[in-house]
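As structure tokens, the structure follows; a few thoughts come after it.
If you're wondering where the values come from, they're calculated on a predicted model, not measured in any experiment. Residue numbering restarts at 1 for every chain, and letters A, B, ... go by the order of the sequence lines.
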2 protein chains.
Amino acid sequence: MKSVDDVREAGGADRERAGAVAGAVPAGKHAGGRRPGETRTREAILDAARACFAERGFDATSMRRIAEAAEVDQSLVHHFYGTKENLFLQALEVPLKMPQALAAAAEGGREGVGERMVRAHLALWDDLSTRPALMTMVRSASVHRVAAARLRETATTILADALGNVVTGEDAVLRSNLIATQLIGLAMMRYIAVLEPLAAADTDTVVRYYGPALQAIVEG
Amino acid sequence: MKSVDDVREAGGADRERAGAVAGAVPAGKHAGGRRPGETRTREAILDAARACFAERGFDATSMRRIAEAAEVDQSLVHHFYGTKENLFLQALEVPLKMPQALAAAAEGGREGVGERMVRAHLALWDDLSTRPALMTMVRSASVHRVAAARLRETATTILADALGNVVTGEDAVLRSNLIATQLIGLAMMRYIAVLEPLAAADTDTVVRYYGPALQAIVEG
DNA sequence: CGCTGAGTTCATCATGTGATGACTTAATGC
DNA sequence: GCATTAAGTCATCACATGATGAACTCAGCG
């Protein structure tokens, strides 16, 4: 898969494809046709889509750009995923790691849970296997209904569930919301708006300062 | 100005315009021409643009939609504001109220400053004269460089400046960032993602729970 | 009055978009 | 081996978009 950055204004400099020996496709005949051997194109397209959506959001990402990033014909994207909407949906699928990691962080009692949550959250965003989906979700949440719904769902189902044993008492759900609020804010500023010095700060420092802020809400 | 919602799929049901008496424009002649009396169209367009951008973000808002919302021909939008980019820039202009309100909230010493900041922030978002610009900024920050820059600028210049006397000591700037982080997160979840019950909670409740979280960072 | 400039509409363009269908080649099941 | 299905390309469509230019009407100034 090509890097998303490479694609930009590409145009047409990359007509020869890997494995297509020069002359293998006789001039005048159709270049189409299934590639020999087993294939991983479907996954490549999804990866490319995730990367593109993560980097520019739903609207600014065209099917053509995704195809280019996956080094594949545009129709193939439609062939596998149908509509752009549906592809986006797939790209949005949050890895199972996420609820697990957050639930694990919530275990171990009330004490220090703020710091553990911040650390787990940062870990998910720094993990290359989870980051694109999260980035896609947050980046498009402001303009795409489905992404916004996914964000809400994540905030309630996943987070509130994980925190069920920890955030108790008056207005427990509201307070869970506020914790989600803090974590999403952190993602926005550190990874999307890239606010300095926050974006460059190392994990431990962020955990040290931000943890107590979450803790304040846990305590009520 | 028409409500943004009315526009949706409008199409062409609204051909007769206010003041254009039937027959006033002889068939076969041009309908163009300046309207009699003084005009406020320029401002109307900007208002419409702000409303549209606030509701759907930069990409999903077309010049045509803005024109429709302002009940004006599309070319007029270009006539007054040139490119879409430039119009967006104008719509993004943050009202002067904002730095003032936040600076005022920061006055009065360290004690209770967390709550005062949250309250001031919510007030700005509930004020119809400031809300559209803020909404536009946050909603498009994820996908538009200029909006993101504006957001950073707001977070540093305005917020950090206001908090200069309050947030002191180690990593003061980083901690100001984290406070901005919390406020932006709140805007995201309450006004954009519309997470319940947070979105429906009344101001005082939010202030009561969220204030101490900001305070935790002020204290360090 | 007549002129200039600003406000206003219409028609149109080039471009990029998502989507479809025809066609080609390889894998797979019988 | 032979039919069926899956993977792949190309050409093309209908449409929405941002932008421009020409034409027209009013305001304001001399």
Side-chain angles (χ1 to χ4, degrees), chain A residues 7-12 14-21 24-46 49 52-53 56 58-68 70-88, chain B residues 7-12 14-20 24-46 49 52 56 58-68 70-88:
Chain A
V7 168
R8 296 288 144 110
E9 306 273 327
D14 50 344
R15 281 281 59 95
E16 74 292 21
R17 309 221 23 258
V21 186
V25 175
K29 286 195 72 177
H30 225 278
R34 183 172 188 161
R35 297 277 166 277
E38 61 181 7
T39 163
R40 223 194 61 89
T41 333
R42 193 188 177 103
E43 293 82 348
I45 291 177
L46 185 53
C52 291
F53 284 137
R56 354 245 311 176
F58 180 81
D59 288 318
T61 299
S62 70
M63 294 298 259
R64 282 166 171 81
R65 189 184 288 270
I66 294 172
E68 263 184 286
E71 292 183 277
V72 138
D73 189 275
Q74 189 215 155
S75 305
L76 207 47
V77 183
H78 279 106
H79 177 60
F80 280 124
Y81 293 96
T83 70
K84 181 184 181 185
E85 193 72 21
N86 182 56
L87 174 54
F88 183 67
Chain B
V7 170
R8 295 288 146 109
E9 308 272 327
D14 48 346
R15 282 282 58 98
E16 74 291 17
R17 311 221 21 258
V25 176
K29 286 195 74 177
H30 225 278
R34 183 173 188 159
R35 296 279 166 277
E38 61 180 8
T39 163
R40 221 194 63 89
T41 334
R42 192 187 177 104
E43 294 81 349
I45 291 177
L46 185 54
C52 291
R56 354 243 314 174
F58 180 80
D59 288 318
T61 299
S62 70
M63 295 297 261
R64 283 167 170 81
R65 190 184 287 273
I66 294 173
E68 262 184 286
E71 294 183 275
V72 138
D73 189 275
Q74 189 215 155
S75 306
L76 207 47
V77 183
H78 279 107
H79 176 63
F80 280 126
Y81 293 95
T83 70
K84 182 183 181 187
E85 193 71 21
N86 182 56
L87 174 54
F88 183 67

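Taking atom CE of M63(A) as the reference point, atom P of dA14(D) lies 20 Å away to the nearest angstrom. Look at CD on E71(A): it is 15 Å from C1' on dT9(D), rounded to the nearest Å. Following rounding to the nearest Å, D73(B) (CG) and dG21(D) (P) show an atom-to-atom distance of 16 Å. Rounded to whole angstrom, the span from the CD atom of E68(A) across to the C1' atom of dG16(C) amounts to 13 Å. Going from atom OH of Y81(B) over to atom P of dT20(D) covers 17 Å, rounded to whole Å. Spacing between atom CZ of F80(B) and atom P of dA6(C) amounts to 10 Å, rounded to whole angstrom units. Atom CZ in R65(A) sits about 19 Å away from atom C1' in dA19(C), given to the nearest Å. Taking atom CZ on R42(A) and atom C1' on dG8(D), their separation rounds to 14 Å, with Å as the unit.
In terms of phosphate contacts, S62(A) brings a side-chain nitrogen or oxygen within less than 4.0 Å of OP1 or OP2 of dT17(C). R35(A) has a side-chain polar atom (N or O) that falls below the 4.0 Å cut-off from OP1 or OP2 of dT9(D).
Minimum atom distance to the side chain of S75(A) is reached by dC10(D), of the listed dC10(D), dT17(D), dA26(C). Distances were taken from every side-chain heavy atom of L76(A) (C-beta onward) to each of dT8(C), dT9(D), dA19(C); the shortest belongs to dT9(D). Nearest nucleotide to the R34(A) side chain, out of dG18(D), dT9(C), dA6(D): dA6(D). In this structure, the nucleotide among dG18(C), dA27(C), dA7(D) sitting nearest to the side chain of H78(A) is dG18(C). Comparing atom distances between the Q74(B) side chain and each of dT8(C), dG18(C), dA19(D) picks out dA19(D) as nearest.
Closest heavy-atom contact between A60(B) and R65(B): O-NE, 4.4 Å.
Two residues are said to be in side-chain contact when any heavy atoms from C-beta on lie closer than 4.5 Å; F53(A) and K84(A) meet this criterion. When side chains are defined from C-beta on, F88(A) does not count as touching T61(A), because their heavy atoms never get closer than 4.5 Å. Contact annotation: the side chain of L87(B) never approaches that of F80(B) to less than 4.5 Å [non-hydrogen atoms, C-beta and beyond].
In this structure, the separation between CG on L76(B) and CD on E71(B) is 13.0 Å, given to the nearest 0.5 Å.
Counting distance only, with no hydrogens placed and no angle test, the side-chain atoms of R64(B) and the base atoms of dG18(D) include a donor-acceptor pair under 3.5 Å.
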